[in-house]
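Proteins come first, then strands; the chains are lettered A, B, ... in the order of their sequence lines, and each starts at number 1.
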Number of protein chains: 2
Amino acid sequence: MIQNKYYEIYLRLKQKITEGIYKKAELLPSENTLAKEYDVSRETIRKALDYLSQDGLIQKKQGKGSIVLDAQLFNFPISGLTSFKELADAQQMDAQTILLSNQRVTVDGQLQKKVPWSLGSDLILTERIRKIDEQKVIFDTDYLDPKITGDIPKERLEDSLYDYLENDLQLPIAFANKEISVESVTDKDRANLDLRDEDNHLVVIRSAVYLEDARNFQFSESRHRVDRFRFIDFSRRKHTLSEHDGFR
Amino acid sequence: MIQNKYYEIYLRLKQKITEGIYKKAELLPSENTLAKEYDVSRETIRKALDYLSQDGLIQKKQGKGSIVLDAQLFNFPISGLTSFKELADAQQMDAQTILLSNQRVTVDGQLQKKVPWSLGSDLILTERIRKIDEQKVIFDTDYLDPKITGDIPKERLEDSLYDYLENDLQLPIAFANKEISVESVTDKDRANLDLRDEDNHLVVIRSAVYLEDARNFQFSESRHRVDRFRFIDFSRRKHTLSEHDGFR
DNA sequence: CAGTGGTCTAGACCACAGT
DNA sequence: CTGTGGTCTAGACCACTGG
């Protein structure tokens with residue numbers, strides 16, 4: 001099934017890099033060469049290369065070319081917007097999910113601290129515990145907007161919520177704001193997770209998730225035992241170019 | 001000073017969004033309208049909009065338009081590649097730096113666990129403590145390649161290392177790999193930081209930093225007291241589109 | 001100098017949303 | 001149907017790298 005040209009070319013180049021056909025620290029063929037090779041315009045090649053660059057797979061240098069980077073990243077794509085199930089699959093972890101609750105609740109003053117939705121509105125609350133290597137190390141709480149998602153079948157929560165939302169409901173999940181911090185262990189954490197005596201903190205990831213039309217349909221809180229948490233990221237330096245430049 | 005058209009347009013649109021001229025949840029003018037307004041081609045407008053999209057300021061929707069997002073993000077640009085000084089300035093924090101050491105060392109077996117540079121090579125080791133609100137809460141260790149940076153003047157380490165590297169040395173810092181994890185407090189941490197009794201973990205950020213020509217010139221380790229750590233991120237969902245598609 | 005990537009254009013056609 | 005954003009093209013000129 002043919003997608004966009006630039007996306008196909010992106011995938012093919014990516015594959016050639018991971019297979020070592022294009023070697024680390026060497027240069028890719030020039031944009032003009034690639035344009036001829038794939039029989040597309042140079043702009044289309046450039047779009048594919050932009051994707052590779054955003055992935056941290058190449059570094060472009062004017063006058064020189066595109067250097068293939070030595071990235072261990074794609075082994076561990078934790079950055080971005082990825083579900084637990086996808087991560088577990090990608091990492092081939094021994095992972096299980098225990099569904100604690102899945103119910104409708106009404107937003108009251110208490111809840112509104114966690115979910116900035118209007119008072120009195122209906123929402124779905126689910127609580128899940130994630131077991132990795134037979135240890136309960138992650139506590140996930142999700143708040144969903146039932147006007148968008150409807151009720152969630154129990155079986156799908158035990159498998160993959162995102163798979164249900166995207167494939168069954170065809171909801172186009174687009175972006176999220178995330179916050180990572182460290183918080184003190186609560187009694188509820190201690191009751192539900194396998195914590196060690198020295199664990200008095202958890203890593204907490206809170207996120208607000210949005211659809212393509214920018215509607216916010218989910219909030220989630222994910223509490224991780226500190227020794228099982230790792231976040232890997234590739235980032236490019238933003239050269240602010242002095243905000244003072246430019247017309248105004 | 002005029003830069004690129006697309007970058008200027010990006011800045012102007014960004015400004016109009018932050019000033020509320022383009023309001024949250026409303027649509028930007030269409031790409032064709034903007035192209036006429038700025039007297040550029042549509043592709044140039046699209047490039048500016050791509051930047052806004054990557055910043056999490058707008059969400060594009062085919063057939064509809066570009067929705068202005070309600071992003072608190074730019075208040076807190078922790079994601080990306082940002083130096084402590086830049087952060088402190090942006091946040092208007094009461095911050096100080098204490099320089100502990102700044103010396104040349106030779107890579108031995110011990111060091112090589114932290115820095116994957118070849119045995120016997122020379123490097124610069126600097127240790128700095130960051131005080132925020134009069135409390136010593138961050139311990140930074142930096143390993144630099146003296147073949148690239150030379151020795152670092154003491155005064156610049158107490159101010160901003162990145163400012164020195166980029167402006168004085170004109171080194172083009174391009175990208176970094178980062179890892180965030182949580183580790184146990186060591187005796188050295190306890191000796192140098194203002195830790196509370198209940199602090200038995202620290203957030204540790206390790207990063208490898210690269211220049212535009214993809215040379216790795218720096219490794220750094222930044223150890224944060226857990227209550228002073230926060231990471232905010234905007235991420236877009238990557239629609240994998242099944243890796244199995246496409247020609248091969 | 002020749003070759004590289006960076007920017008920009010004018011125009012084309014397509015896919016999608018809303019009327 | 002009209003207008004929106006998404007893709008793609010062929011060609012131009014510029015800025016940078018390296019011999």
Can you find a side chain N or O atom of [X] that sits less than 4.0 Å from OP1 or OP2 on [N]?
{"X": "A:Thr44", "N": "D:dT9", "result": "yes"}
{"X": "A:Tyr6", "N": "D:dC8", "result": "no"}
{"X": "A:Ser41", "N": "D:dA10", "result": "no"}
{"X": "A:Lys60", "N": "C:dT4", "result": "no"}
{"X": "A:Arg46", "N": "C:dG6", "result": "yes"}

Practice prompt. Map A:Gly63 and A:Asp39 onto DNA chain D by nearest heavy atom, then report which one ends up closer to the 5' terminus.
Written response: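 Whichever sits nearer the 5' end wins; that is A:Asp39.
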
Discussion item. Can you tell me which residue among A:Val115, A:Leu144, A:Asp142 is in a side-chain contact (heavy atoms from CB on, under 4.5 Å) with A:Phe219?
Written reply: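 Among A:Val115, A:Leu144, A:Asp142, the one that satisfies the side-chain contact (heavy atoms from CB on, under 4.5 Å) with A:Phe219 is A:Val115.
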
Pair [X] + [Y], salt bridge at N-O below 4.0 Å:
{"X": "A:Asp122", "Y": "A:Arg104", "result": "yes"}
{"X": "A:Glu43", "Y": "A:Lys47", "result": "no"}
{"X": "A:Glu37", "Y": "A:Lys16", "result": "yes"}

Nearest-angstrom distance from the residue atom [atom1] of [X] to [atom2] of [N]:
{"X": "A:Lys36", "N": "D:dT9", "atom1": "NZ", "atom2": "P", "value": "15 Å"}
{"X": "B:Ile67", "N": "C:dG18", "atom1": "CD1", "atom2": "P", "value": "10 Å"}
{"X": "A:Leu28", "N": "C:dT4", "atom1": "CG", "atom2": "C1'", "value": "13 Å"}
{"X": "A:Tyr7", "N": "D:dT7", "atom1": "OH", "atom2": "C1'", "value": "15 Å"}
{"X": "B:Tyr38", "N": "C:dC8", "atom1": "OH", "atom2": "C1'", "value": "17 Å"}
{"X": "B:Glu212", "N": "D:dG18", "atom1": "CD", "atom2": "C1'", "value": "17 Å"}
{"X": "A:Lys61", "N": "D:dG18", "atom1": "NZ", "atom2": "P", "value": "7 Å"}
{"X": "B:Asn32", "N": "D:dT2", "atom1": "CG", "atom2": "P", "value": "15 Å"}

Worksheet entry | Pairing partner (Watson-Crick or G-U wobble, both distances under 3.5 angstrom) of D:dG18 |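 Check on D:dG18: paired to C:dC1, both distances under 3.5 Å.
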
Worksheet entry | First of B:Gln62 and B:Lys47 reached from the 5' end of DNA chain C, by closest nucleotide |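 Its nearest nucleotide lies further toward 5', so the answer is B:Lys47.
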
Discussion item. Using heavy-atom distances to pick each residue's nearest nucleotide on DNA chain C, tell me which of A:Lys64 and A:Glu43 is more 5'.
Written reply: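 Mapping each residue to its closest nucleotide by heavy atoms, the 5'-most match is A:Lys64.
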
Practice prompt. May I have the step-by-step check of side-chain hydrogen bond (donor to acceptor under 3.5 Å, both in side chains) for B:Ser181 and B:Arg206, ending in yes or no?
Written response: CA-CA 8 Å; B:Ser181 63; B:Arg206 293 207 172 75; 4.5 Å; no

